[in-house]
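Read through the structure below, which is laid out as structure tokens, and then see the notes.
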Amino acid sequence: CWGASAFAGKWAPGACARAWEWALQLSNGMFPRIRPVGQRQEEYPQPFLLTLGLIIHWARAEWRLKFLACTSLREALGWTKMSPASCSRGGTSSASTFEVPLRILSAEDVRRAASMPLLIDVVADAFRQLSTGRATVPLRMLLGQAAHDSHSFFMPALLAGGDTSTSAMGVKVVSVFPHNAARHGLPAIHAMVALFEPATGQLLAVMDGRLLTALRTGAASGAATRVLARENARTLAMIGAGAQAPFQVLAVCAVRPIEH
């Protein structure tokens, strides 16, 4: 079913309907019908239980499997005519005419794409847009879990503009789980940034947010240093040596000739 849909470049309801019909015939024709309540479970043939389990699993994972198969083939084969909308139920829709690919960027992708001098210019421009009223940045929403002593922050933003080149819409989600290292061997902080097409709401990109947050915070200090510090400043004092410290140093060194 998924293979036929993906290779056809669209949702193939006929193939999936036949697969579903085959599963029902298999369970009803080859194996006994469900027995009345009260009979022992071991009386059910093992193949019947397996088939029933597969049908339930198929129903639960239907959309996730379809999307993964479709998008994976698009990426592997380099198809450009097939939009992400064709991976949704019912085939292509009017939204598919936008032909906007979904980009998924890892931390390494972000590192390669975002140099500190470029980020400093972008952050400085963002401050100007916020001060002139072009940017809408609502208060972040907090979701806490007492059982895990954790907090998750949801931070949306909108940059208004006349066209897609000057407008943007996105959200950053940062989760702080202080006991992750001791309990699960995982970092305490996880973050994700999603970018949307502001005219249609279509998802454009999902990227790692931990590195991007560190880079952006450092870039803010770089932008401030460029405006406020003496031109001949050559000494930097960094108080604290946490995850932010290297990026603060990197940003300041990008705008001043730091020697010590």
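These numbers come from the heavy atoms of this one structure, side chains and all, not from hydrogens, waters or symmetry mates. This is a predicted model, so every value here is computed, not measured.
- What you find for Gly240 and Ala245 is that their closest heavy atoms are O-CB, 3.6 Å.
- In this structure, Pro187 and Asn180 approach most closely via the heavy-atom pair O-ND2, 2.9 Å.
- With hydrogens and angles ignored, the 3.5 Å screen pairs no side-chain donor or acceptor of Gln145 with any backbone N or O of Ala147.
- Judged by distance alone, the side chain of Thr217 and the main-chain N or O of Ala214 form no donor-acceptor pair under 3.5 Å.
- Arg216 is not listed as a side-chain neighbour of Leu119, based on a closest heavy-atom distance of 4.5 Å or more.
- With rounding to the nearest 0.5 Å, the separation of OG in Ser221 from CZ in Phe247 is 12.5 Å.
- Between atom CD of residue Glu197 and atom OG of residue Ser167 there is a gap of 6.5 Å, rounded to the nearest 0.5 Å.
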key: Working for side chain to side chain contact (heavy atoms under 4.5 Å, CB included), residues Asp121 and Arg226   = CA-CA 10 Å; Asp121 291 338; Arg226 188 168 62 183; 2.8 Å; yes
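- Residues Val171 and Met155 have side chains not in contact (no heavy-atom distance under 4.5 Å, counting atoms from C-beta outward).
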request  = Could you give me the CA-CA distance, side-chain angles and deciding distance for Phe153 and Val176, then say whether side chain to side chain contact (heavy atoms under 4.5 Å, CB included) is met?
outcome  = CA-CA 8 Å; Phe153 303 90; Val176 182; 4.2 Å; yes
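- Considering CE of Met207 and NZ of Lys172, their distance stands at 11.5 Å, rounded to 0.5 Å.
- Heavy atoms only, all atoms of each residue included: His190 and Leu186 are closest at NE2-CB, 4.3 Å.
- Heavy atoms only, all atoms of each residue included: Gly201 and Met169 are closest at CA-CE, 4.2 Å.
- Atom CG of Leu215 is separated from atom CG of Leu250 by 8.0 Å, given to the nearest 0.5 angstrom.
- The environment of Arg230 atom CZ is sparse: at most 12 non-hydrogen atoms of other residues, nucleotides or ligands sit within 6.0 angstrom.
- Transitive grouping of hydrophobic side chains (ILVMFWY, heavy atoms separated by less than 4.5 Å) brings Leu212 and Ile120 into a common cluster.
- Across all their heavy atoms, Ala113 and Leu118 have their closest contact at O-CD2, 4.1 Å.
- Side chain of Asp125 to main chain of Val122: no donor-acceptor pair is present (N/O by atom type, distance under 3.5 Å, no hydrogens or angles).
- For the pair Thr235 and Ile258, the minimum side-chain heavy-atom distance is 4.5 Å or more.
- Contact of the Leu236 side chain with the Val249 side chain is registered, since non-hydrogen atoms from C-beta on lie closer than 4.5 Å.
- Closest of all the heavy-atom pairs between Leu158 and Pro198 is CD1-CB, 4.5 Å.
- Met141 and Val173 fall within a single hydrophobic cluster, where Ile, Leu, Val, Met, Phe, Trp and Tyr are joined by side-chain heavy atoms under 4.5 Å apart, directly or via other members.
- With Asp208 contributing its side chain and Leu211 its backbone, the two residues share a donor-acceptor pair below 3.5 Å.
- In this structure, Val110 is not a member of the same hydrophobic cluster as Leu195, with clusters built from ILVMFWY side-chain heavy atoms closer than 4.5 Å.
- Val137 and Val123 are members of different hydrophobic clusters when ILVMFWY side chains are connected at heavy-atom separations under 4.5 Å.
- The closest donor-acceptor contact from the side chain of Arg103 to the backbone of Ala205 lies at 3.5 Å or more, if one exists at all.
- Looking at heavy atoms from C-beta onward, His151 lies out of side-chain contact with Ser175 at the 4.5 angstrom threshold.
- Taking CD of Gln129 as the reference point, atom OG1 of Thr136 lies at 11.5 Å (rounded to 0.5 Å).
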message = side chain to side chain contact (heavy atoms under 4.5 Å, CB included), that's the test. Do Val206 and Val193 meet it? Break it down for me.
response = CA-CA 6 Å; Val206 177; Val193 175; over 6 Å; no
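- Within the 4.5 Å cutoff, side-chain heavy atoms of Val174 are placed close to those of Ile189.
- The side-chain heavy atoms of Phe196 and Leu204, taken from C-beta on, include no pair separated by under 4.5 Å.
- Within a 6.0 Å radius of CG in Leu139, other residues, nucleotides and ligands contribute 12 heavy atoms or fewer.
- With hydrogens and angles ignored, the 3.5 Å screen pairs no side-chain donor or acceptor of Arg256 with any backbone N or O of Gly222.
- Between Gln248 and Met238, the closest side-chain pair of non-hydrogen atoms falls below 4.5 Å.
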